[in-house]
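Throughout, protein chains are lettered first and strands after them, A, B, ... in sequence-line order, and every chain is numbered starting at 1.
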2 protein chains.
Amino acid sequence: MNRQAPTLEDVAREAGVSRATVSRVVNGVRNVDPAIQDLVRLAIERTGYAPNRAARSLVTRRTGTVALVVSGAGDTSEEEQNAFAARVFADPFFGRVVGGVVGFLRPRSMHPVLMFAESPEARQEVVRYLRQGNADGALVVSTHPDDPLPALLAEAGLPAVLFARPVRPVALSHVDLAHWDGGRLAAERLLARGCRKVATVSGPWAVAASQERLAGFRDTMARGGHPYVPVAEGGFTLDSGVAAMTTLLAQHPDVEGVFAANDLMAQGVCQVLRERGRRVPEDVAVVGFDDSSVAATCRPPLTSVRQPVEDMAAAMARLLDEHVRGLRTDPVAVLFEPELVVRESA
Amino acid sequence: MNRQAPTLEDVAREAGVSRATVSRVVNGVRNVDPAIQDLVRLAIERTGYAPNRAARSLVTRRTGTVALVVSGAGDTSEEEQNAFAARVFADPFFGRVVGGVVGFLRPRSMHPVLMFAESPEARQEVVRYLRQGNADGALVVSTHPDDPLPALLAEAGLPAVLFARPVRPVALSHVDLAHWDGGRLAAERLLARGCRKVATVSGPWAVAASQERLAGFRDTMARGGHPYVPVAEGGFTLDSGVAAMTTLLAQHPDVEGVFAANDLMAQGVCQVLRERGRRVPEDVAVVGFDDSSVAATCRPPLTSVRQPVEDMAAAMARLLDEHVRGLRTDPVAVLFEPELVVRESA
DNA sequence: GGGGGCCGGGAGAGCGCTCTATGCCCCCGG
DNA sequence: CCGGGGGCATAGAGCGCTCTCCCGGCCCCC
């Protein structure tokens, strides 16, 4: 690539018009004589012109880029930083988020830049990145309830949208699921199957979503005549599901139905049950949460409460776009409804 | 954010020096009087200055951004496009690639923008994106051997580095694994365990890596006195591993060792074996490939041929950086050595 | 037939930064 | 005491684009 990239000036000269006219054609604004439009388009074709985005965004103050930030908790050690990305994507959830975000951005010729904010320095880097005008705003997916990044962004007045409602209120828009209803759906399914003895593996206490799923589940079970439901806390990982179910089974060997707060843990639950000689769903029915890819590949395939992650991620991108363009100024919360997907496990 | 972001000019005024001096301090070049440096730094602090990247890259013709492209095959239908991202990240492999890339980029204040090129339009978009100067170059991970993107990039003279050697030679640098040696390591392990009857689940024929892993495995088995090794072709997915193993087991019920060309398929292999009443590794030893996260979470944990994906990804980023900065002009191939990680499955 | 509005196009001023050319000042040698 | 040189800062010219004026011509209406 020795030859310089053609500029607006070159195209203008080629077409025999002014820079401004070419710019108008490129951006499709104002009325330009159709004949001249063709002339310009031809010149663009001939010169192989591609508008320089740096120059454009220098004046428009827009970049067409958004930061997609996966934000961790406090202070991840230096060594763990490299593994953070791999760990994050080990959960099929994030692939779906990326898919949803890209689905919205692509038709608009926008692009996501991937950032990880699992340490104080990394968080500062995110803020700096946005302040420098590298991206128009941030889509933040927190893996930890105490994530300080949202507050940092709000404080700096940077456009951002969160996945899930933050524990501490922050002046940012977010999307979320009606977790309580998700818990309800799981309970209704187990009740409908006639399960008498029911237990649940919840997510981490500190996570609001865990609490709500649990509340929805318990309230509904109570209404169905089962006021007491044993709970074991998990950490949304397969291993934690195994551990929680092992505990539950020791205390309640006669369990007939289990609700796990995500599919990964439900998979662990199934493993433990099978190893202990219980058949799923004949002896014990299992309901998962998320309807992620593991729900389908699990043995047996999991009945799961579907979280429309792609739609939620797309909505995040849409909200951010509206904030960036000034179409929306006040923070807003968009709530999605879960749905029960019945497979074999319950 | 109503107040305008401070500019170099503002800082210069605040510090009582010229724009150029502030620029020198910010970029740490040339000799600037230490006293004045402090003065400037103080002014930067006070004004909360952050250099505008668009303006900078307009003159430096560098962006500090690289495109991380996951490139598919031919023409994915419109509906599938959204799911492509999710499918891609369902393979733990990509999470590791992202981790390796970010590990290299971050210390240099560079960032990856995620792109998917699974349709002709999407490929054009990648080329356009780079030609517009949105990113300095591309890191390309192809999921399909016939991927036309590398040729497109080479033709346009855009800096790019590939993961894995392309089938059709292309004037681009790439990193790759010594796949043949990987196959050899798997064979040696099964031979050392005394497996007599051995079979293998290969990757797709069209993929060069599959061929080489298979060749290394077969050649080594032959040298060990087993000239005939049954093969079933898989597609690097869990389902395809299940299907392939089902076929193999039907034809060779007395199999004692299985080499699967990646961990996902090895997991499928283990599932089938367990369902058919075979114990792993007591009855049948299983060796996987990649040493991905599923290798550790699989039951039993998989003995696997480790592919240093993070290192390879980091090397891609480093090569791209060298190409972009003109430190390297001719394409180069960097080869990595696999390593056997012994767990329980073999 | 003349004036005002409107439409299509051009000129030029920046956007915020880098970097070259230039100038100032001080120190040193003759 | 003067000329020369080197360190350190400044001035200013762009980088490629958008966008606000502004101007010329045409149409329409009175």
S.K.: Taking 4.0 Å as the cut-off, does a side-chain nitrogen or oxygen of T7(B) come that near to OP1 or OP2 on dC15(C)?
M.R.: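 Indeed not, no polar side-chain atom of T7(B) lies that close.
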
S.K.: Between the side-chain atoms of R19(A) and the base atoms of dT18(D), is any donor-acceptor pair under 3.5 Å?
M.R.: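 Side chain to base: pair present.
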
S.K.: Of T21(B) and A55(B), whose closest DNA chain D nucleotide lies nearer the 5' terminus?
M.R.: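 Result: T21(B).
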
S.K.: With a 4.0 Å limit, can you tell me whether T60(A) has a side-chain N or O closer than that to the phosphate oxygens OP1/OP2 of dC15(C)?
M.R.: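 Indeed not, no polar side-chain atom of T60(A) lies that close.
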
S.K.: Could you tell me how far apart E9(A) (CD) and dG14(D) (P) are, to the nearest whole angstrom?
M.R.: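 Interatomic distance, CD of E9(A) to P of dG14(D): 13 Å.
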
S.K.: Between R13(B) and D10(B), does at least one N-O distance fall below 4.0 Å, as a salt bridge requires?
M.R.: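 A salt bridge is present here (some side-chain N lies under 4.0 Å from a carboxylate O).
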
S.K.: Where the side chain of L58(A) is concerned, which of dA11(C), dC17(C), dG16(D) is the nearest nucleotide?
M.R.: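 Side chain of L58(A) sits closest to dG16(D).
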
S.K.: Would you call E118(A) and R106(B) a salt bridge, using N to O less than 4.0 angstrom?
M.R.: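 A salt bridge links E118(A) with R106(B).
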
S.K.: Measure CD/Q132(B) against C1'/dC15(D) and give the value in whole Å, please.
M.R.: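 Interatomic distance, CD of Q132(B) to C1' of dC15(D): 16 Å.
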
S.K.: Rounded to whole angstrom units, what separation is found between the CG atom of L8(A) and the P atom of dG10(C)?
M.R.: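 From L8(A) CG to dG10(C) P: 13 Å.
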
S.K.: Test side-chain hydrogen bond (donor to acceptor under 3.5 Å, both in side chains) on S119(A) and E121(A); report intermediate values, then the result.
M.R.: CA-CA 5 Å; S119(A) 72; E121(A) 303 80 47; 3.2 Å; yes

S.K.: Record whether the side chain of R24(A) comes under 3.5 Å of the base of dT18(D) through a donor-acceptor pair of N or O atoms.
M.R.: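 Answer no: no donor N or O sits under 3.5 Å from an acceptor.
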
S.K.: Could you work out which one of dG9(C), dC17(C), dG14(C) sits closest to the side chain of I36(A)?
M.R.: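 Per side-chain heavy atoms of I36(A), the pick is dG9(C).
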
S.K.: Would E322(A) and R318(A) count as a salt bridge (charged side-chain N to carboxylate O under 4.0 Å, His left out) here? Give the steps.
M.R.: CA-CA 6 Å; E322(A) 290 171 3; R318(A) 184 173 47 72; 3.4 Å; yes

S.K.: By nearest atom, which of the nucleotides dG8(C), dC17(C), dT10(D) is closest to the D33(A) side chain?
M.R.: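 When the side chain of D33(A) is considered, dG8(C) is the closest of dG8(C), dC17(C), dT10(D).
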
S.K.: R53(A) CZ to dG16(C) P: how many Å, rounded?
M.R.: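 Checked: the CZ to P distance equals 19 Å.
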
S.K.: Please state whether the phosphate of dT18(D), meaning OP1 or OP2, lies under 4.0 angstrom from any side-chain nitrogen or oxygen of S23(A).
M.R.: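 Yes, because at least one side-chain N or O of S23(A) sits under 4.0 Å from OP1 or OP2 of dT18(D).
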
S.K.: What is the distance, to the nearest angstrom, from the CG atom on N52(A) to the C1' atom on dC15(C)?
M.R.: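 In whole Å, dC15(C) C1' lies 13 Å from N52(A) CG.
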
S.K.: Any N or O donor-acceptor pair under 3.5 Å from the base of dG16(C) to the side chain of R61(A)?
M.R.: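 In this structure, the two groups form no donor-acceptor pair.
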
S.K.: Quickly work out the R62(A) CZ to dC19(D) C1' distance and round it to whole Å.
M.R.: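 Checked: the CZ to C1' distance equals 16 Å.
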
S.K.: Does S18(B) have a side-chain nitrogen or oxygen under 4.0 Å from the phosphate oxygens OP1 or OP2 of dT10(D)?
M.R.: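 So the side chain of S18(B) is within the cut-off, an N or O lying under 4.0 Å from OP1 or OP2 of dT10(D).
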
S.K.: Ignoring backbone atoms, test whether N27(A) places a side-chain nitrogen or oxygen under 4.0 Å from the OP1 or OP2 oxygen of dT18(D).
M.R.: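 Yes.
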
S.K.: Taking atom C1' of dG16(C) as reference, at what distance in whole Å does atom CG of N134(A) sit?
M.R.: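 After rounding, the gap between these two atoms is 14 Å.
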
S.K.: Should the pair R108(B) and F104(B) be classed as cation-pi, given the thresholds of under 6.0 Å to the six-membered ring centre and 45° from the axis?
M.R.: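 Yes.
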
